[in-house]
Amino acid sequence: MIKAVRGTRDLLPPETALWNFVESAVRDVFRAYNFQEIRTPIFEPTELFARGVGEDTDVVSKEMYTWEDGERFNDKKIMDEWLRANESDDPSHVQAGRVNVQGSPPFLAKLKELGVQLQVWRGIQVPSGALAGRVEFVAFRPKVSSDAITALIEARKVAKGQYSQDFGNLAILLRLVVPDEAARKSPWVASKDIEIEGFAGNYFSSSQSLTLRPENTAGVVRAYIEHKMWDRGLNKLYYIGPQFRRERPQKGRYRQFYQIGAEVIGPPSAGSESPARDAEVLEMLATLLDRLGITGWNLELNSVGCAQDRAAFNEALRKALEPVVGTMCVDCQRRAVTNPLRVFDCKVPEDQPIIDTLPRISQFLDEGCRKHFEAVQQILTQVGVRFSLNDRLVRGLDYYTRTAFEFTHGALGAQNAILGGGRYDGLSEALGGPAAPGIGFAIGEDRLVMSLQASASGESVLKRPDVYVAALGAGMNGEAARLARELRRHDLVVDLGDENFRLKKSFEAATKAGAKYILIVGENEVKADAFALKNLATGEQVSVPRAQLAQKIQE
RNA sequence: GUGGGAAUAGCUCAACUGGUAGAGCACCGGACUGUGGCUCCGACGGUUGCGGGUUCGAUUCCCGUUUCCCACCCCA
């Protein structure tokens, strides 16, 4: 049986009704704040995420779905390189390679399994020692194996120190090497006797590394720059859609997951930097959660300052950690090196007293950032949105500035954050655009729906049929369809049976569908042009003339 | 990627120290030919995730593998 791939899932009714409920509430609420929808592609150049999210983040370095798009190879370059590589080798493997590739189905199957494509050129002359007459040149190309691409990215990273430049021009040439011994023994060399040797180079004449978006902010900012959206002043944009991360699945975290997000972005002159924007976004989120009936949420707020503030803070943090880190848990010791800010996420009870003594970003805010943060708080207080300050709340990525926030909710397992966001005044510039301060957030829709399921089920938000039209007897399907069409034009939800159903079965079907009424369309009714309409809840049944049916049902 | 737990009918779950698979619900049909929900009766439904091993015999014990769940890592 073919199953949904690991970490993905089907959303089935009635649960989908809950998703629709959430999304329509989102559209309603966001609209009231004059946000408009933007839809960006679900895949983008890999470079966008490498630069936008950060190359050294886990998301980019190991959690993306990335592939090489384009099959156009520089064949001459591959052949030249292959021949050069073989001049110094024992040419016997050329012969072995030819024989076995052509004649060894298990080996070909193995290649297919690895996602490698085989291409053979005939008639290439190879150096002495090869078979007389025709020989074959054999090259292997990785198709869209993400493992192969990941391996290449790592290899290039090591080789060049960086891979941010020239990111899209990757290829690999795999060379078949068969040990002489094995080749002599049998012309049908088993796949385990074959070694595949790989080396990387620029063999694509034109191709591009693409990635399924792991988040949507980078795409939105890319679109902002590409379409010169600053010419419209302030932009308030929202999106709803799938995102992809190659993570190990756990509660509420899937490899295809859904995010609802919004961004306020524009030139500083349009007010995009104003604390009023931060407060507006936060107040909108509070309104949305209330509207969805989510109770018990908590807004946690912090300011991570400007780039300079954070540099000073990082320095101080490292200094403060140095003498004490040895006594902390192994995770913290690792974090202290890789990402000191993450030490604040530590949940080990013994480490808490140490963490309490560490410096806080709030001590390093400059005048502007402090005033900005105070203004945000003041507006929130004035509009009556509850919040709590959490000076441990930090953001790992460089372009984040000033306001950072999370809405948390209990009963969500270890991942208690239902949405998070913050200000990213430096992102547009990091992507090559003009200064465009912005603030945004992303809601994990999967988790949002999950927390709703506790209170409201899909059933409760599902619109049940108003009426079930039961055709009764031969030739009645047409009449029933006609009636259903008329009723649907009055915005009624109508379900339709079949003339072959016995009436009992129609009643059962109507009850199961949850219809309010059942409408019987039989020979008698058609003759009289008046139809038996029964209220399934009360049992009351009346005969209603055709012209009054819609009105009667709508009552 | 790491660790722990799990996988039996469409769903929720049984099956004693190894003895050849069962219930409730759902679905379909009948009791009931144009009147549902309730009741009763019946039928359907499985290579026990997959592969290997031990055994006369494996759902059960062992190994591998895949997937799911929970957590770690990380994170909007």
Side-chain angles (χ1 to χ4, degrees), chain A residues 1-9 12 52-54 56-64 147 150 213-218 220 239 243 245-254 257-263 285 329-332 334-335 338-339 341-342 345-348 393-397 400 404-408 412-422 424 440-448 468 470-473 476 497 499 501-515 517-525 531-541:
Chain A
M1 182 174 46
I2 299 175
K3 298 199 285 189
V5 303
R6 174 176 201 168
T8 70
R9 58 177 177 158
L12 307 176
V53 180
D56 295 323
T57 62
D58 276 16
V59 170
V60 169
S61 61
K62 63 184 190 197
E63 291 174 357
M64 299 201 302
D147 284 347
T150 304
R213 62 187 188 196
E215 53 91 44
N216 216 333
T217 298
V220 169
Y239 59 84
Q243 321 289 337
R245 279 185 208 170
R246 200 174 182 289
E247 296 178 292
R248 185 127 172 195
Q250 58 176 295
K251 189 173 184 63
R253 305 181 76 171
Y254 300 90
F257 58 102
Y258 295 82
Q259 282 190 336
I260 298 165
E263 318 287 349
L285 285 165
C329 67
V330 286
D331 281 340
C332 282
R334 183 178 40 71
R335 290 182 186 122
T338 59
N339 196 346
L341 291 179
R342 289 282 149 225
D345 289 339
C346 182
K347 291 160 192 130
V348 178
L393 184 64
V394 291
R395 293 278 110 130
L397 309 183
Y400 275 111
F405 58 89
E406 278 181 6
F407 281 74
T408 57
L412 279 176
Q415 280 72 46
N416 62 350
I418 203 166
L419 70 90
Y424 45 81
F441 61 85
I443 305 172
E445 191 176 3
D446 303 76
R447 276 194 234 163
L448 181 64
Y468 182 97
L472 183 64
M476 289 299 122
E499 64 187 23
F501 290 178
R502 288 178 299 104
L503 192 59
K504 173 186 162 59
K505 181 167 174 174
S506 291
F507 266 84
E508 285 170 350
T511 303
K512 199 190 299 178
Y517 289 94
I518 185 168
L519 180 68
I520 299 169
V521 183
E523 215 172 327
N524 301 339
E525 283 80 2
F531 299 82
L533 182 70
K534 182 169 183 177
N535 184 317
L536 284 165
T538 64
E540 180 197 3
Q541 181 169 332

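To find a chain, count down the sequence lines: A is the first, B the second, and so on, and within it residues start at 1. The basis for the numbers below is simple: all heavy atoms, side chains too, and nothing from hydrogens, waters or symmetry mates.
Distance from the side chain of Gln250(A) is smallest to A71(B) among C75(B), G34(B), A71(B). Nearest nucleotide to the Leu472(A) side chain, out of G1(B), G36(B), G34(B): G34(B). Distances were taken from every side-chain heavy atom of Arg447(A) (C-beta onward) to each of C75(B), A76(B), G34(B); the shortest belongs to A76(B).
On the C1' atoms, C13(B) is 34 Å away from G1(B), given to the nearest whole Å. Here, C41(B) and A23(B) have their P atoms 13 Å apart, quoted to the whole Å.
Across all strands shown, Asn216(A) has no heavy atoms under 4.0 Å from either base or sugar-phosphate atoms. Within the nucleic acid shown, Ile520(A) comes within 4.0 Å of at least one base atom, counting heavy atoms only. Counting any heavy atom pair closer than 4.0 Å across all strands shown, Gln243(A) reaches no nucleic acid atom. Residue Glu247(A) is in base contact, counting any heavy-atom pair closer than 4.0 Å across all strands shown.
Phosphate proximity of G1(B) to Arg248(A): absent, as no side-chain N or O sits under 4.0 Å from OP1 or OP2. Side-chain N/O atoms of Arg6(A) include one lying less than 4.0 angstrom from OP1 or OP2 on C68(B).
The base of G34(B) lies close enough to the side chain of Glu525(A) for a donor and an acceptor atom to sit less than 3.5 Å apart. Below the 3.5 angstrom threshold, one finds no donor paired with an acceptor across the side chain of Arg245(A) and the base of A76(B).
Taken together, the paired segments of RNA chain B that extend over three or more consecutive Watson-Crick or G-U pairs, each closer than 3.5 Å at both contacts, are B:1-7 with B:66-72, B:10-13 with B:22-25, B:28-31 with B:39-42, B:49-53 with B:61-65.
Counting only heavy atoms from C-beta outward, the side chains of Phe405(A) and Leu285(A) approach each other to under 4.5 Å.
Environment of CD in Glu508(A): crowded, with over 12 heavy atoms of neighbouring residues, nucleotides or ligands closer than 6.0 Å.
Considering only residues two or more places apart in sequence or on other chains, Tyr254(A) meets the ring pair (Phe, Tyr, Trp, His ring centres under 6.0 Å) condition with none of them.
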Can you tabulate the close N/O pairs, meaning under 3.5 Å, that link protein atoms to atoms of nucleotides 26-30 of chain B?
from   : atom 1 : to        : atom 2 : distance (Å)
C27(B) : OP1    : Lys512(A) : NZ     : 3.3
G29(B) : OP1    : Lys505(A) : NZ     : 3.3
G30(B) : OP2    : Arg502(A) : NH2    : 2.8

